[in-house]
Protein chains: 4
Amino acid sequence: MKCSMEIDGVSPKALTILEAAVRVLAVHGFEATKIEDVAREAGVGKGTVYEYFDSKEDLFARAVQLATRMYARILREALENGTSLRDALERSLLASLQFCETSRPVAQVLLDNPVGRAGASVREWLIDFRREMVGAIARTIRHHRGADFARDPEIAANVFLGALNNASLARILDDPEEYKGTVEEMARETLAVIMDGFGPDPARGEDRRG
Amino acid sequence: MKCSMEIDGVSPKALTILEAAVRVLAVHGFEATKIEDVAREAGVGKGTVYEYFDSKEDLFARAVQLATRMYARILREALENGTSLRDALERSLLASLQFCETSRPVAQVLLDNPVGRAGASVREWLIDFRREMVGAIARTIRHHRGADFARDPEIAANVFLGALNNASLARILDDPEEYKGTVEEMARETLAVIMDGFGPDPARGEDRRG
Amino acid sequence: MKCSMEIDGVSPKALTILEAAVRVLAVHGFEATKIEDVAREAGVGKGTVYEYFDSKEDLFARAVQLATRMYARILREALENGTSLRDALERSLLASLQFCETSRPVAQVLLDNPVGRAGASVREWLIDFRREMVGAIARTIRHHRGADFARDPEIAANVFLGALNNASLARILDDPEEYKGTVEEMARETLAVIMDGFGPDPARGEDRRG
Amino acid sequence: MKCSMEIDGVSPKALTILEAAVRVLAVHGFEATKIEDVAREAGVGKGTVYEYFDSKEDLFARAVQLATRMYARILREALENGTSLRDALERSLLASLQFCETSRPVAQVLLDNPVGRAGASVREWLIDFRREMVGAIARTIRHHRGADFARDPEIAANVFLGALNNASLARILDDPEEYKGTVEEMARETLAVIMDGFGPDPARGEDRRG
DNA sequence: GATGAATGAGGCTTCATTCAT
DNA sequence: AATGAATGAAGCCTCATTCAT
């Protein structure tokens with residue numbers, strides 16, 4: 001087992017196998033994916049997989065870890081590059097939707113099989129992923145708005161993350177009934193709802209918050 | 001599991017087995033769950049499972065179907081009973097969070113293993129579930145607001161559904177770092193963000209960067 | 001278990017089941033035939049089969065026993081009714097071929113699955129059947145020819161029984177390449193070969209027997 | 001089992017398994033033989049059997065195919081090496097009886113479980129086997145006798161094949177009541193009956209054929 | 001007596017893992 | 001290091017048998 005914990009320190013061959021694992025997982029899911037499928041997809045022998053990973057569980061956990069890191073990095077960078085809260089959120093929303101288009105297998109593993117349990121470790125990785133993302137979003141909110149933000153940044157971050165995941169999932173599920181537009185349109189309209197909210201009920205005053 | 005009513009003509013014994021399947025799936029996930037586990041949980045023999053279901057895949061697909069219907073009904077009823085849009089959304093948000101508390105296994109199967117691929121049929125069921133929920137929420141928006149609603153109801157419905165799922169998932173994942181409050185507090189605060197939105201940047205016309 | 005050893009003393013319902021068993025065995029063979037198939041074919045419940053037979057092995061052994069007895073009786077009567085050796089042999093040959101036409105399932109079980117081992121008892125029944133038939137044919141030879149018969153009657157009986165079984169099997173296998181004629185033609189021509197033999201080699205004297 | 005030559009490109013390991021399968025089938029029959037029995041007999045792991053054969057049905061069908069080919073080749077060579085019709089038939093008869101002694105398991109599978117239905121393919125193989133043998137015998141008759149042969153060669157071939165199979169079966173069933181002599185005696189006496197036939201009835205003229 | 005729902009032992013088959021090459 | 005043939009534990013599923021109705 002040469003594979004270190006650091007993604008960046010993963011040997012090229014191990015990375016080839018991990019990428020193959022992600023692609024196969026995206027198509028067949030955790031339950032149906034066999035080590036041999038991954039080996040074939042990676043163009044190596046079955047035994048070679050075991051040179052780089054301890055077990056099926058290890059391989060799949062690291063594959064999810066890889067997918068998680070790729071996705072998390074993209075979102076984090078988008079959030080950090082924003083010139084305003086709205087800009088940051090729009091960038092990350094757009095980045096996620098584009099990621100679903102360009103790296104569909106990776107996105108599919110993350111959104112489609114969230115805690116599909118190829119062993120408990122996968123669950124832990126995804127809990128960490130959520131926590132990290134919520135933290136990053138809340139930090140972005142505080143950075144741009146600070147005390148001016150009227151709501152609990154954590155709650156707001158969760159609302160945004162939910163909307164982002166849901167929009168991405170809709171894209172992945174490729175449902176032709178919904179979201180027929182471009183990713184840019186989808187990001188813009190979704191963001192508009194998030195920024196403005198649903199608004200107070202115009203007829204009666206009952207939609208006022210207390 | 002409160003639900004014991006006839007579901008689409010499923011026999012009582014079959015329902016017992018399905019409920020057991022949901023409970024076991026919630027704990028062990030699709031991959032690790034064995035037919036024998038389900039049989040033991042249901043208090044029947046292994047062979048009996050095969051009297052009512054064609055295969056492991058059939059059983060698990062129907063278990064997800066059952067969980068989906070239970071959850072969808074609860075959300076639909078909450079949306080329909082609302083006296084205003086805010087009330088409807090708050091009711092459904094609260095209902096979902098409470099459902100996660102009282103029927104944690106069912107919720108876990110739905111949120112934790114979304115499209116975990118116990119066969120392709122599970123994926124279809126969950127796509128249907130999303131579409132149905134988005135439709136119900138959009139209908140609720142149109143019913144209470146009609147033309148007054150400034151945004152695309154479908155987009156807004158997706159934002160809300162994402163926030164609802166994410167809040168429920170956070171609850172399920174039982175992450176002690178986030179959301180420490182009661183379900184009522186969580187529902188109220190989450191709803192406040194959704195209704196008001198993040199708001200415009202207070203200082204200048206747009207958000208200021210740091 | 002009401003079923004006595006004597007076929008003639010078998011209760012009507014047991015006989016119905018046995019006949020059904022023979023029909024199903026003929027189609028699916030020993031390995032693939034399930035008790036439920038037999039019950040359905042007999043038009044009774046699965047449990048009823050166990051009212052009349054101890055086990056699957058018991059049922060199948062008795063079914064083969066029934067088939068054997070039906071076939072053996074027909075051959076024995078044909079042999080006994082012959083007015084000469086040739087007549088007796090022709091009658092039995094014809095009877096066997098006709099039996100294959102009219103009672104194909106029974107013949108199929110006997111010829112197609114001879115010692116197919118639905119338990120060791122089936123093997124014993126078929127050994128007994130062969131012994132009985134060889135004995136009956138040898139007795140017929142002695143009765144009509146006595147000391148005039150130049151060969152060992154047992155050997156001759158075996159040759160005849162082999163030819164008879166082979167002709168019947170060819171009929172059962174329904175091979176369109178061979179034996180295209182009627183059963184009467186087949187019986188007549190087969191018998192002619194048996195009575196006359198292949199004859200001495202005309203060229204040299206080497207086909208003379210010593 | 002003497003035969004170890006390549007059969008249709010079967011790998012040596014596959015042949016080892018096939019030979020083991022034949023031996024186990026001979027003892028336990030189709031119904032009672034388990035894959036694990038074959039694996040143990042072959043000295044390999046259970047999984048190894050599945051490296052070389054698709055299923056139990058595939059394995060058993062090929063085992064019967066192997067047995068059929070071994071037996072058919074022996075008979076065909078005996079027929080071809082004969083210097084006269086009588087010699088050819090005697091050689092094949094003797095070869096068959098000796099085969100039953102030296103390769104009892106193979107013979108047992110062929111004679112004892114003829115069309116025992118380990119799947120429909122077995123039936124096809126045995127139909128082919130019979131057709132091939134009848135053809136070879138008929139060809140031998142024509143070769144040595146040509147137009148001098150008074151009877152239909154196909155019919156005669158069937159009579160001979162039946163006698164040969166029956167004699168071999170008697171040997172296999174190991175019935176101590178019959179055929180106590182050596183295989184040479186049995187072959188000689190059986191052949192004498194076949195060559196000379198039963199003869200005309202001496203007393204009256206009724207045994208004359210029309 | 002007749003039934004068929006329920007059962008679980010046991011078989012076929014898969015596939016993660018090993019290891020000799 | 002790389003391989004893939006070999007393995008056997010483990011799981012899905014079948015079906016002979018039972019037994020309450």
Side-chain angles (χ1 to χ4, degrees), chain A residues 1-2 11 13-14 17 31-40 42-60 118-119, chain B residues 11 13-14 17 31-40 42-60, chain C residues 2 11 13-14 17 31-40 42-60 118-119, chain D residues 11 13-14 16-17 31-40 42-60:
Chain A
M1 256 289 300
K2 306 294 167 49
S11 77
K13 176 94 61 152
I17 295 172
E31 177 144 36
T33 297
K34 288 160 264 183
I35 289 286
E36 188 160 13
D37 297 335
V38 175
R40 197 182 309 111
V44 301
K46 213 180 344 170
T48 306
V49 175
Y50 282 88
E51 290 287 322
Y52 293 94
F53 302 94
D54 289 339
S55 64
K56 186 186 181 184
E57 170 151 0
D58 180 44
L59 170 64
F60 284 6
Chain B
S11 76
K13 175 94 58 151
I17 295 172
E31 178 143 35
T33 298
K34 289 159 265 182
I35 288 286
E36 191 163 11
D37 297 335
V38 175
R40 197 181 307 111
V44 301
K46 210 187 338 174
T48 306
V49 174
Y50 285 90
E51 290 285 321
Y52 293 93
F53 302 94
D54 290 339
S55 63
K56 186 188 182 181
E57 169 154 358
D58 180 42
L59 171 64
F60 285 5
Chain C
K2 305 294 167 46
S11 78
K13 175 94 61 152
I17 295 172
E31 178 145 35
T33 297
K34 288 159 265 183
I35 289 286
E36 188 160 13
D37 297 336
V38 176
R40 196 182 310 111
V44 300
K46 214 183 340 172
T48 306
V49 173
Y50 282 87
E51 290 288 322
Y52 292 94
F53 302 94
D54 290 339
S55 65
K56 185 185 181 183
E57 170 152 359
D58 180 43
L59 171 64
F60 283 6
Chain D
S11 75
K13 175 93 60 148
T16 302
I17 296 172
E31 178 144 35
T33 298
K34 288 159 266 184
I35 289 285
E36 190 163 12
D37 298 336
V38 175
R40 197 181 308 110
V44 300
K46 212 187 332 174
T48 306
V49 174
Y50 284 89
E51 290 285 321
Y52 294 94
F53 302 94
D54 289 340
S55 63
K56 186 186 183 184
E57 168 153 0
D58 180 42
L59 170 64
F60 285 5

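Just so we're on the same page: letters track the sequence lines, and every chain starts at 1. Hydrogens, waters and symmetry mates are skipped; everything else that's a heavy atom, side chains included, is used.
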Does E:dG1 have its OP1 or OP2 closer than 4.0 Å to a side-chain nitrogen or oxygen of C:K13? no
Taking for C:I35 and for B:S55 the nucleotide of DNA chain F with the nearest heavy atom, the one nearer the 5' end belongs to B:S55
Inset, instruction - Under 4.0 Å between any heavy atoms, over every strand shown, what does C:K46 touch: base, sugar-phosphate, or nothing? Just pick one. - result: base
Rounded to whole Å, the CZ-C1' distance (D:F60 to E:dG11) equals 11 Å
Atom CD of D:E57 and atom C1' of E:dG11 are separated, to the nearest Å, by 15 Å
A:E36 CD to E:dT17 P, in whole Å, measures 14 Å
Side-chain atoms of D:K34 come closest, of F:dG11, F:dA6, E:dC12, to E:dC12
What's B:F53 touching, base or sugar-phosphate or nothing? Going by heavy atoms closer than 4.0 Å. nothing
A:I17 atom CD1 is separated from F:dA1 atom P, nearest whole Å, by 12 Å
Rounded to whole Å, CG of A:D37 lies from P of E:dT14 at a distance of 13 Å
D:E51 atom CD is separated from E:dC15 atom C1', nearest whole Å, by 10 Å
Considering only heavy side-chain atoms of C:Y50, the closest of E:dT17, E:dT13, F:dT18 is F:dT18
Shortest non-hydrogen pair, D:F60 vs D:T33, comes out as CZ-CG2, 3.5 Å
Per atom distances to the B:K56 side chain, the nearest of F:dA6, F:dC12, E:dA2 is F:dC12
Between B:A32 and B:D37, the two heavy atoms sitting closest are O-OD2, 4.0 Å
dist C:R40:CZ -> C:K34:NZ (nearest 0.5 Å) comes out at 8.0 Å
Quiz item: Tell me, do D:V44 and D:E51 make a side-chain contact under 4.5 Å, heavy atoms counted?
Solution: no
note: C:Y52, atom OH; E:dT3, atom C1'; distance rounded to Å ~ 13 Å
Heavy-atom nearest nucleotide on DNA chain E taken for C:G45 and for D:T33; more 5' hit belongs to C:G45
Note: for C:G47 and D:G43 on DNA chain F, the residue whose nearest nucleotide lies more 5' is D:G43
### Query
Looking at side-chain heavy atoms only, is the closest gap between D:Y52 and D:T16 below 4.5 Å?
no
pair_partner(E:dT18), Watson-Crick or wobble, both distances < 3.5 Å, evaluates to F:dA5
note: A:R40, atom CZ; F:dA2, atom P; distance rounded to Å ~ 19 Å
